[in-house]
Enquirer: 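One structure follows; several queries about it will come next.
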Amino acid sequence: TTTFTSGLDGQGHTFSNIAQTFENVEGGDFGIIANKTQGGATISNLTIKDSSITLTTPELGSTGAINFGGIAGWSDRSHFENIALENVDITLKGTLGAAANVGGICGFSQYNSGKGAISIYGCSLDAASSVTVDVADGFANVAGILGQFYGNKAYGANLLIQDCTNYAPVTGFDLAAGIVATGGYAPGDVNKIERCVNYGTIISQGVSASIIGTPGGEIPCTITDSVAGGFIIGAEGACGQVFGIGNVTVESTKVVSIVNPITAE
């Protein structure tokens, strides 16, 4: 397992033609650059191009949680800055016996000690990339940038995502969004998504939205100076142009998404 504690500055370099396949995945953390980041590690200033990472669960399903991202699977007190994914496919297939968190940049991110923010700045996926969860059963949070965030109530950590762009199609099973799928227990400053853009097609049988599926819990989220685009397909009553459900305030945001609700089975 690759764990980064001091981070990686790519200094503008491009990493190309990386193909990773993991079969019979029972659970765990997976990413092209790092499986885990922690201790304030920052991954920044790099491009991943013409690459793929694919996870397949056993026929009977996974037995533990899966955190899966284009850059990192799981992060604690870590930051992602100025990262571009170009023609990168991120795919989870099979049956889920436990929850999965999947994101173009990071699957699951938390800030679990000390005051601070779960921060992602200036990251992007192009239209040739994709983030796909194709499973027969289970529960998954999937998004173009971040699958799920979690802030510790005791420390007041919050979510801060700025200047991120997603053009990639995102296909989920339960909860899908262009920027962030879901989160919870981040009671510091209001969770903020600022100057972010989604034009990717978002498809889910459940909650589906252009920017954020749901912030979760009682903590509000503010979306500011962003663009909510793309074709949004989700369960009737649970999909939206900007957000799906939850306590969300939208300010100075251009809404051009097209919503096509489907009836949840």
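Computed from a prediction, not measured in an experiment: that's the story for all the values here.
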Enquirer: Sequence neighbours left out, what passes ring pair (Phe, Tyr, Trp, His ring centres under 6.0 Å) with F22? Give chain and number order.
Expert: F30
Enquirer: Just wondering, do L125 and L85 contact through their side chains at under 4.5 Å, heavy atoms?
Expert: yes
Enquirer: Remaining members of L175's ILVMFWY cluster at a side-chain heavy-atom cut-off under 4.5 Å?
Expert: V207, I245
Enquirer: Using links of under 4.5 Å between side-chain heavy atoms of ILVMFWY residues, direct or through other members, which residues join Y167 in one cluster?
Expert: V197, Y199, V227, V256
Enquirer: Other than L160, what residues sit in its cluster of Ile, Leu, Val, Met, Phe, Trp and Tyr side chains whose heavy atoms are under 4.5 Å apart, directly or through others?
Expert: Y121
Enquirer: Main chain of G183, side chain of Q148: is a donor-acceptor contact present, judged purely on distance under 3.5 Å?
Expert: no
Enquirer: With sequence neighbours excluded, tell me which residues meet ring pair (Phe, Tyr, Trp, His ring centres under 6.0 Å) with F173.
Expert: none
Enquirer: In chain order, what residues pass the side chain to side chain donor-acceptor pair (under 3.5 Å) check against D126, with sequence neighbours excluded?
Expert: S129
Enquirer: When you compare the side chains of N141 and T182, does any donor N or O come within less than 3.5 Å of an acceptor on the partner?
Expert: no
Enquirer: For S78, enumerate each residue passing the side chain to side chain donor-acceptor pair (under 3.5 Å) test, keeping only those at least two apart in sequence or located in another chain.
Expert: T37
Enquirer: Which residues satisfy the side chain to side chain donor-acceptor pair (under 3.5 Å) test with S75, sequence neighbours excluded?
Expert: S109
Enquirer: Say whether, by atom type as modelled, one donor and one acceptor occur between the side chain of S44 and the main chain of E81 under 3.5 angstrom.
Expert: no
Enquirer: With side chain to side chain donor-acceptor pair (under 3.5 Å) as the rule and sequence neighbours excluded, what pairs involving residues 65-74 come up?
Expert: D29-N67, N67-N101
Enquirer: Taking only residues two or more places apart in sequence or in another chain, which ones pass salt bridge (charged side-chain N to carboxylate O under 4.0 Å, His left out) with D163?
Expert: R195
Enquirer: Can you sort out the partners of E26 under side chain to side chain donor-acceptor pair (under 3.5 Å), two or more places apart, ordered by chain and number?
Expert: T63
Enquirer: Can you name the nearest heavy-atom pair linking S208 to G234, along with the distance?
Expert: CB-CA, 3.7 Å
Enquirer: Can you list every pair that meets side chain to side chain donor-acceptor pair (under 3.5 Å) and has a residue in residues 82-92, with sequence neighbours left out?
Expert: N45-N82, D50-N87, D89-S130
Enquirer: According to a 4.5 Å side-chain heavy-atom criterion applied to Ile, Leu, Val, Met, Phe, Trp and Tyr, with indirect links allowed, do V248 and V259 form part of one hydrophobic cluster?
Expert: yes
Enquirer: Strictly distance-based, threshold 3.5 Å: is any side-chain N or O of T2 a donor or acceptor partner for the main-chain N or O of A34?
Expert: no
